[in-house]
Amino acid sequence: MKKVAVILVVFALMLGAMIGEIVYVNKFYNGVQRDLEVIAASIEANEAHVDNATTVELCEKLVKKWEKGKRTLLTLQNHNTVRNLDDKIVSLLGVVKSDNYNDAVIFVKSAINYIDDVLLDSIPYLSNIL
């Protein structure tokens, strides 16, 4: 009987850890996606002058937020997934600072779409399991 209790406790701990991981990853990516949407709106509003102070500040805040959460995501998720988004976010900051409207739009939309794909894969739907 003790073995069954130990097995149930271990199972409950593992289930709790999995749920905590899913909640953390989704919350973090949803926050990053919201920030990217604000940056996209700022880029669209300032088409002639993308490297304005507001847009650059928004991008720098996003990079700081990303750098804080990136290490945790590297332990919880596929490294290639995290590194691909890292490249997109860092490149977005560089493109915005270089005042390149077309590339800024491409990088911000690409990052938003990439997060959509990551969020679809991070929740264990029955179709993902089978």
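Annotation for Asn80 and Tyr114: closest pair O-OH, 4.0 Å, computed over non-hydrogen atoms. Scanning all heavy atoms of the two residues, the minimum distance from Trp66 to Val82 falls at CZ2-O, 3.5 Å.
The CZ atom of Phe107 lies 13.5 Å from the CD1 atom of Ile39; values are rounded to the nearest 0.5 Å. In this structure, CD1 on Ile22 lies 11.0 Å from CG on Leu76, to the nearest 0.5 angstrom. Atoms OH and OG1, from Tyr24 and Thr72 in turn, are 4.0 Å apart once rounded to the nearest 0.5 Å. Taking OG1 of Thr81 as the start and OH of Tyr29 as the end, the distance is 6.5 Å to the nearest 0.5 Å. To the nearest 0.5 angstrom, Ile43 atom CD1 is 11.0 Å from Ile106 atom CD1. One finds the CZ atom of Arg83 at 9.5 Å from the CG atom of Asn78 (value rounded to the nearest 0.5 Å).
Sequence neighbours left out, the pairs with a member in residues 15-37 that pass salt bridge (Lys or Arg N to Asp or Glu O under 4.0 Å) are Asp35-Lys65. Applying the salt bridge (Lys or Arg N to Asp or Glu O under 4.0 Å) rule to pairs touching residues 45-57 yields Glu57-Lys61, sequence neighbours excluded. Residue pairs that meet the salt bridge (Lys or Arg N to Asp or Glu O under 4.0 Å) test with at least one member in residues 98-114, sequence neighbours left out, do not exist here.
Within the 3.5 Å criterion, the main-chain N or O of Thr55 finds a donor-acceptor partner in the side chain of Asn52.
Applying the salt bridge (charged side-chain N to carboxylate O under 4.0 Å, His left out) criterion to Asp86, with sequence neighbours excluded, gives Lys70. Every residue two or more places apart in sequence or in another chain was checked for a side chain to side chain contact (heavy atoms under 4.5 Å, CB included) with Ile7, and none qualifies.
Under the 4.5 Å side-chain criterion, counting only non-hydrogen atoms from C-beta, Asn100 is not in contact with Val50.
Put simply, Val10 and Met18 are part of two different groups of oily side chains (I, L, V, M, F, W, Y) that touch within less than 4.5 Å, one to the next. Cluster annotation: Ile19 is connected to Phe11 through the hydrophobic network of ILVMFWY side chains, with a link wherever side-chain heavy atoms come within less than 4.5 Å.
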(message) Before you tell me yes or no, could you show the steps for Val118 and Leu85 under side-chain contact (heavy atoms from CB on, under 4.5 Å), namely the whole-Å CA-CA distance, both residues' side-chain angles and the distance that decides it to 0.1 Å?
(response) CA-CA 10 Å; Val118 169; Leu85 187 57; 6.0 Å; no

(request) Begin with the C-alpha distance, continue with both residues' side-chain angles, and end with the deciding distance and a verdict on side-chain contact (heavy atoms from CB on, under 4.5 Å) for Leu119 and Gln33. (result) CA-CA 10 Å; Leu119 287 174; Gln33 191 171 32; 3.9 Å; yes

Can I get a per-line list of side-chain donor-acceptor pairs under 3.5 Å for residues 87-96, giving both atom names and the distance, sequence neighbours left out?
unit_1	atom_1	unit_2	atom_2	d
Lys88	NZ	Ser110	OG	3.2
Ser91	OG	Asp87	O	2.7

